[in-house]
Amino acid sequence: MADEFNLTPNQMDALREIGNVGAGNSATALSQIINRRIDMNVPKVALVPIESVPDLVGGPDTIVVGVFLRVYGKAPGNILFLLPQKSAFFLVDTLMGKTHGATDKLDFMDESALMEIGNILAGAYLNAFFTFTNISMLPSIPALAMDMAGAILNVVLVQLGQMGDTAMVIETEFLSEDDGINGHFFLVPDPGSLETIIKAVGVE
Amino acid sequence: MPELIRVGMADYKVGKSPATLISYGLGSCIGVSLYDPQLKVGGLLHIMLPDSTQARASDNPAKFADTGLPLMLADVLKLGAVKTRLVAKLAGGAQMFAFQNATDVMRVGSRNAEAVKKILQANGIKIIAEDTGGTYGRTVSIDLTNGSYKVKTIDKGEKEI
């Protein structure tokens, strides 16, 4: 198991670039939908102990909205788009043309809108992923939950936990120009997929 | 202020009164506590998966019900607890995302709960309270002064089991 994750600095860079291009595409899509500039940070590519993944988004009891998509194809994995509760409400207000601050809980329509955003972001991300790696992948229909970050991340971590004690995450943070929205986009390849991805980019 | 001891994911802690053991943000994971009411010592274990034999080798036995529970039990006994007096409580085991064709991985919550109960029964430890299932996350804690096990959720607030 450990061997599989023994990546060279160049391979880490290649993964970071995948995150960069993928998230860049997603950020552009989001920016066009909500008509706001969206910035993103340099993607973090890290091999982290499974139990510390929730700390990446503010700790396991931080309340977040998570849109989860399973990714099918040659390099299967999971996509998780996490928004702090406040950001999710702000995004719903923006999408639904409501006054900012109007949303304080999510109804069916709000959830549906956020899932659609997850869908669009995942599609944009995977398109860029395909351009880069020539690996074609499709997302499942999205699922949404608003809950503690630890509980939501469980879904992804359990699958990795079966295979090892660490998670390879490619994480990008989005920020809107007025700081009303920030979100974390995670691509978490299944353990076996990493090798496929690395081979496809052909970096040693 | 009594000591608050944090138990991470795939981890366990043992302690004695007046400490409180707490674990944040459980989804499909299970928080299982053992408590000796007479000596007021106990432990809290946060497992992720039911069965270590179905997973690849891991450096962390606390991740699994079958390897984590015996470890915590041994440590609680080391603190002087008497096995026949021990009582267990458990919470968690949710299914956070409802997919129509849920795979085994999605149903891991209920498999976790079953595994924990089976192992407790095999060890002759009585389960006196349980709050498992559902589609929501939980933060769980056990107060070792009285064995009170609290379950906190974002929609329903805090309750004692």
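We name chains A, B, ... by the order of the sequence lines, and we start the count at 1 in each one.
Looking at S23(B), neither its backbone nor its side chain comes within 4.5 Å of chain A, counting heavy atoms on both sides. Both the backbone and the side chain of I152(A) come within contact range of chain B, judged by heavy atoms closer than 4.5 Å. Proximity to chain B is absent for every atom of L153(A), based on heavy atoms less than 4.5 angstrom apart. Looking at L26(B), only its backbone comes within 4.5 Å of chain A, counting heavy atoms on both sides. Contacts between A149(A) and chain B at a heavy-atom distance below 4.5 Å are absent for every atom of the residue.
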message = I'd like to know whether L121(A) forms a side chain to side chain contact (heavy atoms under 4.5 Å, CB included) with I117(A), so could you lay out the CA-CA distance, the side-chain angles of the two residues, the decisive distance to 0.1 Å, and finally the verdict.
response = CA-CA 6 Å; L121(A) 296 193; I117(A) 292 292; 4.1 Å; yes
task = Could you please spell out the steps behind the side chain to side chain contact (heavy atoms under 4.5 Å, CB included) verdict for I197(A) and F129(A)?
result = CA-CA 10 Å; I197(A) 298 169; F129(A) 186 89; 3.8 Å; yes
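For K118(B), the salt bridge (Lys or Arg N to Asp or Glu O under 4.0 Å) test picks out no residue, with sequence neighbours left out. In this structure, the salt bridge (Lys or Arg N to Asp or Glu O under 4.0 Å) partners of E130(B), at least two apart in sequence or on a different chain, are K117(B).
Remark: K16(B) does not engage D36(B) in a salt bridge, criterion side-chain N to carboxylate O under 4.0 Å.
Using a 4.5 Å cut-off between non-hydrogen atoms, no part of residues 65-89 of chain B approaches chain A.
For the pair H100(A) and R36(A), the tightest heavy-atom approach, listed with the atom from each and the gap, is CE1-NH2, 3.7 Å.
For the pair P84(A)/N182(A), a side-chain contact is recorded, criterion being any heavy-atom separation below 4.5 Å from C-beta on.
Counting heavy-atom pairs closer than 4.5 Å to chain B, the top residue among L144(A), N154(A), D61(A) is N154(A). Among H46(B), K63(B), M48(B), the residue making the largest number of heavy-atom pairs under 4.5 Å with chain A is K63(B).
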Which side-chain N or O atoms in residues 151-158 of chain B pair as donor and acceptor under 3.5 Å with protein atoms at least two apart or in another chain?
from, atom 1, to, atom 2, distance (Å)
T153(B), OG1, K156(B), N, 3.1

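Heavy-atom neighbours of M96(A) CE from other residues, nucleotides or ligands within 6.0 Å: above the threshold of 12.
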